Amino acid sequence: MHPAVAVGLVFGGCCSNVVFLELLVRQFPGCGNIVTFFQFLFIAVEGFIFEVNFGRKKPAIPLRYYFIMVAMFFTVSVVNNYALNLNIAMPLHMIFRSGSLIASMALGIIILKKRYSILKYTSIALVSLGIFTCTFMSAKQVASDSGLNEEDGFQAFLWWLLGIAALTFALLMSARMGIFQETLYKQFGKHSKEALFYNHALPLPGFLLLAPDIYHHAVLFSQSEPFQVPVLGLTMPIMWFYLFMNVITQYVCIRGVFILTTECTSLTVTLVVTLRKFISLIFSILYFHNPFTVWHWLGTSFVFVGTLMYTEVWNSLGPGLARWREMPKKE
């Protein structure tokens, strides 16, 4: 498949996925569990049919390693979604998750004993400063919410602090999972589609612990206003339509990233994903009128400039631009 198609899948799938997720959590902030469950279920069913051939294909990586990876993956997904129920706005949620470079570098130094260049340390400092700026300004907004009295405002601020703690935990756990996955791929080879299936299929029994919450939100979704699906002409509760579109776009997003990793360098993948996050953030702010001050914009610019510095995209673009300049120009 042409890389341009993969880029289109990433931008189209991931950006629209964020839109449908925000439509869901704005109506029911605590619906993260039902969203995560149906995302996992859809990808697991698709992988069971097309990847493991109805269970007849044996895994290339031993299952015991997948169980460890799945425990981390399941925890990260649930905690990230639950943070949206703790006074965490969607823009802050996206910015905070962009700090994965910080967590990856910190754990890389501690666990893998890696050392990095001054440029990479500088980029991480920028990302850290950007996240701190956005987090601090969001904290001030939560604390000074004019719709709450002093006692309720303090309680909302405590819930927000818990949300920040949850996002921090998920960030570190995700980085640890990335290191664990990297060591597995070095030992057994890259099997991304297989890992995608097992990461989504094995955690499904864990959702039994969340069954009451999932059922509660399923009832709430069924009671939402009816919506006529374009083209098909079917009528269904609008929240179920949002959930269906969220699941489909999540699958398109993940598949696009997978195709991109097979067709392009890791640098290109990182750049595309970073730009996708930026566009999702801008759309969320403009379309949903999320509060975003000049300080938020400054912090966001630090995060994305630091991310691009980390990928050393400028060094890779330099030779390409030089070759373009040296090409003979048509008269």
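Remember, predicted model here, so these are calculated numbers, not experimental data. Along the sequence shown, residues are numbered consecutively beginning with 1. Below, each value reflects all heavy atoms present in this structure, side chains not excepted, and no hydrogens, waters or symmetry copies.
For the residue pair Trp240 and Ala218, the shortest heavy atom distance occurs at CZ2-O, 3.6 Å. Across Ser224 and Pro237, no two heavy atoms sit closer than the pair OG-CB, 3.3 Å. Minimum heavy-atom separation, Ala170 to Val79: CB-CG1, 4.0 Å. Of all the heavy atoms in Gly30 and Asp213, the pair that sits closest is O-OD2, 3.9 Å. Scanning all heavy atoms of the two residues, the minimum distance from Thr249 to Met245 falls at OG1-O, 2.7 Å. A pairwise comparison of heavy atoms in Val76 and Met173 identifies CG2-CG, 3.4 Å as the closest pair.
Counting only distance, with no hydrogens or angles, the side chain of Glu194 and the backbone of Ala60 share a donor-acceptor pair below 3.5 Å. Using a distance-only test at 3.5 Å, with no hydrogens or angles considered, no donor-acceptor pair links the side chain of Ser174 to the main chain of Leu171.
With contacts defined as side-chain heavy-atom distances shorter than 4.5 Å, the pair Arg26/Leu21 does not qualify. The side-chain heavy atoms of Ser117 and Leu119, taken from C-beta on, include a pair separated by under 4.5 Å. Taking 4.5 Å as the limit, some side-chain heavy atom of Val25 sits within range of a side-chain heavy atom of Cys31. Taking the side chain as every heavy atom from C-beta outward, Leu220 and Met239 never approach each other to under 4.5 Å. Residues Leu234 and Gln228 form no side-chain contact, since every pair of their non-hydrogen atoms from C-beta on lies 4.5 Å or further apart. Contact of the Val45 side chain with the Phe48 side chain is not registered, since no non-hydrogen atoms from C-beta on lie closer than 4.5 Å. In this structure, the side chains of Leu202 and Phe73 stay at 4.5 Å or more apart for every pair of heavy atoms.
A 6.0 Å sphere centred on CH2 of Trp297 holds more than 12 heavy atoms belonging to other residues, nucleotides or ligands. By the 6.0 Å contact criterion, OH on Tyr121 is enclosed, its count of non-hydrogen atoms from other residues, nucleotides or ligands being greater than 12.
Atom CE of Met177 is separated from atom CZ of Phe180 by 10.5 Å, given to the nearest 0.5 angstrom. Here the CG-CZ distance, from Leu23 to Phe28, works out to 12.5 Å after rounding to the nearest 0.5 Å. To the nearest 0.5 Å, atoms CD1 (Ile238) and CZ (Phe241) are separated by 8.0 Å. Residue Ile43 holds its CD1 atom at 10.0 Å from CZ of Arg255, rounded to the nearest 0.5 Å. Going from atom CZ of Phe20 over to atom OG of Ser16 covers 6.5 Å, rounded to the nearest 0.5 Å. Taking CZ of Phe169 as the reference point, atom CD1 of Ile164 lies at 15.5 Å (rounded to 0.5 Å).
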(message) Walk me through whether His217 and Leu24 qualify under side-chain contact (heavy atoms from CB on, under 4.5 Å).
(response) CA-CA 11 Å; His217 281 91; Leu24 287 165; over 6 Å; no
Report the C-alpha separation of Phe37 and Leu210 in whole Å, then their side-chain angles, then the decisive distance to 0.1 Å, and conclude whether the side-chain contact (heavy atoms from CB on, under 4.5 Å) test is met.
CA-CA 9 Å; Phe37 170 69; Leu210 307 173; over 6 Å; no
Point to revise | Full working for side-chain contact (heavy atoms from CB on, under 4.5 Å) between Ile111 and Arg176 | key: CA-CA 9 Å; Ile111 298 175; Arg176 183 63 185 91; 3.4 Å; yes
Evaluate Tyr66 against Leu63 for side-chain contact (heavy atoms from CB on, under 4.5 Å), listing each step before the verdict. CA-CA 5 Å; Tyr66 276 125; Leu63 280 178; 4.3 Å; yes
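Taking the six-membered ring wherever Trp is involved, the centroid distance between the rings of Phe74 and Phe207 falls below 6.0 Å. With ring centers used as reference points, Tyr65 lies under 6.0 Å from Phe188. Checked against the 6.0 Å centroid threshold, Phe42 and His200 do not count as a close aromatic pair. In this structure, Phe221 has its ring center no closer than 6.0 Å to that of Tyr242.
The cluster map of Ile, Leu, Val, Met, Phe, Trp and Tyr, joined by side-chain heavy atoms under 4.5 Å apart, puts Leu209 and Phe38 in different clusters. Ile68 and Leu196 fall within a single hydrophobic cluster, where Ile, Leu, Val, Met, Phe, Trp and Tyr are joined by side-chain heavy atoms under 4.5 Å apart, directly or via other members. A single hydrophobic cluster is seen to contain both Leu41 and Val35, as judged by linkage of ILVMFWY side chains at heavy-atom distances under 4.5 Å, directly or through other members. Note on Phe54 and Tyr198: same hydrophobic cluster, where clusters join Ile, Leu, Val, Met, Phe, Trp and Tyr whose side-chain heavy atoms are under 4.5 Å apart, directly or indirectly. Criterion: ILVMFWY side-chain heavy atoms under 4.5 Å apart, direct or through other members. Under it, Ile61 and Phe197 are part of a common hydrophobic cluster.
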